[in-house]
Number of protein chains: 2
Amino acid sequence: MRLVIAECSVDYIGRLKAHLPRAVRLLMVKADGSVLIHSDGGSYKPLNWMSPPARLHVEAGAEEEDPEVLETWTVQAAKSDDRLIIRVHAKHHDSDHALGTDPGLIKDGVEADLQRLLAEQIDVLGPGYSLVRREYPTAIGPVDLLARDGAGHTVAVELKRRGDIDGVEQLTRYLELLNRDPLLAPVRGIFAAQQIKPQARVLAVDRGIDCVTLDYDAMRGVDDSAGRLF
Amino acid sequence: MRLVIAECSVDYIGRLKAHLPRAVRLLMVKADGSVLIHSDGGSYKPLNWMSPPARLHVEAGAEEEDPEVLETWTVQAAKSDDRLIIRVHAKHHDSDHALGTDPGLIKDGVEADLQRLLAEQIDVLGPGYSLVRREYPTAIGPVDLLARDGAGHTVAVELKRRGDIDGVEQLTRYLELLNRDPLLAPVRGIFAAQQIKPQARVLAVDRGIDCVTLDYDAMRGVDDSAGRLF
DNA sequence: TCTTGTATCTCGTTT
DNA sequence: AAACGAGGTACAAGA
């Protein structure tokens, strides 16, 4: 990994065009040819970048013979026409480092975990609920959870961390399909999420879909396998 | 901005839990207290990070008295309980740089530009078209463009850079709603995008929605404010 | 290989 | 401040 602190201006031409005026920034060049341009703020997203695989070509001076330009960097994407052009006006730092391959990130607490917890604690949806199965297959994809309520009626559960309008649409399509199956019909829908957006709730209610807000921490607290990972 | 190349292990506890085993990585500390942890590969997303605003606290040694740990970095989010703990086993590089504030990115060619151009050149949809308004409000969100065709009938236009099935669903919802308004009905739909995916086109046609492919470069060429950005 | 769905999404804009 | 939509979304899992 090469780290350069440089005064530079940047142009990206590809799916859109973007321009960065002259300023001091960090240029990070990775082993796979990708380049990230970071300022001293913002979040993890670089101001501009080139995704791998890409090829970096450095040329002394400027193509247009501008004496203020020390180097012109051209970063060309290997599989598309996307191109990043970096004009370096001054270099304040330049260092190279051998990092080796990374063992990678281990995660816990994503939607898959939420699904596992709700499957184990299906009665948070109401008394008498029982699980039929997780990832119940349909022609248009698997339903997150299929269950039966206290009265024995089938219930399809769509699970999200953040309940958005898309999730309601998805559940609606599943319900339409499931209700064509005489062995299952009538199938009711439950939209379960840690947070449900107002618009999504309105749409769900309009379609007769129940909304349930889940407390992940509480559910994880009940689960005895919690906290064992690290 | 501080750049440290270090052998480290990392734990994140917040909206989820995540762990990085011991390896050599780049630690980038920004002026706002945010921290990014990058490996020499992947894409622009760091392996792990803390978003601003945050506070970095460095302590010599390890809390648990592990002699292999040189320093323990605690990065605490200012507005939540999110926390990043970095155990530094060895430092290979450590440098600090003054970057100043960045003038920021200038973009061209995003959906907003398309919408402005199409509003100005509404007749690319057909002869006699006239604009009613941009961002026409409805209960479930604003319609990109509302227009009248040559015959004086109302037309709702959904605009995308890339025409996907989601966009057709969105337009369908708008049309359903708009057609309940006796002052507007009947309202026809036009799905306009730079590229329309085959599946989206099939769905649109099936629902009686017209598809229009837009040539952004040509439309920008017509617009006399084009090319002034850079 | 391509498609689908999630994300510690980020980032802007608007309410 | 909260919510909504777009993104050069990125990224991983499944087909």
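Every chain is numbered from 1 and lettered A, B, ... according to where its sequence line falls, protein lines coming before strand lines.
- Between K160(B) atom NZ and dG5(D) atom P the separation is 9 Å, expressed in whole Å.
- Atom NZ of K17(A) is separated from atom C1' of dG7(D) by 19 Å (rounded to the nearest Å).
- Partners of V124(A) by side chain to side chain contact (heavy atoms under 4.5 Å, CB included), not counting sequence neighbours, listed by chain and number: L118(A), Q121(A), L214(A).
- Residue order along DNA chain C, read from the 5' end via each residue's closest nucleotide, puts R173(A) first among D82(B) and R173(A).
- L171(A) places its CG atom 13 Å from the P atom of dG5(C), with the value rounded to the nearest Å.
- Among residues two or more places apart in sequence or in another chain, the side chain to side chain contact (heavy atoms under 4.5 Å, CB included) test is passed with A54(B) by M50(B), V75(B).
- Nucleic acid contact for R162(B): sugar-phosphate only, since backbone atoms but no base atoms lie under 4.0 Å from a heavy atom of the residue.
- The pair R162(B)-E111(B) fails the salt-bridge criterion, with no side-chain N (NZ, NE, NH1 or NH2) lying under 4.0 Å from an Asp/Glu carboxylate O.
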Listing time: all N or O pairs from protein to nucleotides 2-4 of chain D that are below 3.5 Å?
none

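- Going from atom CG of L47(A) over to atom P of dG12(C) covers 10 Å, rounded to whole Å.
- With sequence neighbours left out, Q194(B) forms a side chain to side chain contact (heavy atoms under 4.5 Å, CB included) with L114(B), R161(B), Y216(B).
- The backbone N or O of S39(B) lies less than 3.5 Å from a partner atom in the side chain of K30(A), making a donor-acceptor pair.
- E169(B) has its CD atom 14 Å from the P atom of dA6(D), to the nearest Å.
- Here the P atom of nucleotide dT6(C) and the CD atom of Q115(A) are 10 Å apart, to the nearest Å.
- Base contact: M50(A) has a heavy atom under 4.0 Å from a base atom.
- The aromatic rings of Y44(A) and Y44(B) sit tilted, their planes meeting at an angle between 30° and 60°.
- Map K79(A) and L16(B) each onto its nearest nucleotide of DNA chain C; the residue landing nearer the 5' end is K79(A).
- A side-chain donor-acceptor contact under 3.5 Å links D40(B) to the backbone of M1(A).
- If you take CG of L114(B) and C1' of dA6(D), they are 12 Å apart, rounded to a whole angstrom.
- Residue pairs meeting the ring pair (Phe, Tyr, Trp, His ring centres under 6.0 Å) criterion with at least one member in residues 157-176 of chain A: none, sequence neighbours excluded.
- Whole-Å rounding puts the D166(B) CG to dG5(C) P distance at 9 Å.
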Short heteroatom pairs, N/O only, protein and nucleotides 10-15 of chain D, under 3.5 Å:
residue, atom, partner, partner atom, Å
dC11(D), OP2, S43(B), OG, 3.3

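- A salt bridge between D210(B) and R188(B) is present, with a side-chain N of the basic residue lying under 4.0 Å from a carboxylate O of the acidic one.
- The residue among I165(A) and R161(B) whose nearest nucleotide of DNA chain D is located toward the 5' end is I165(A).
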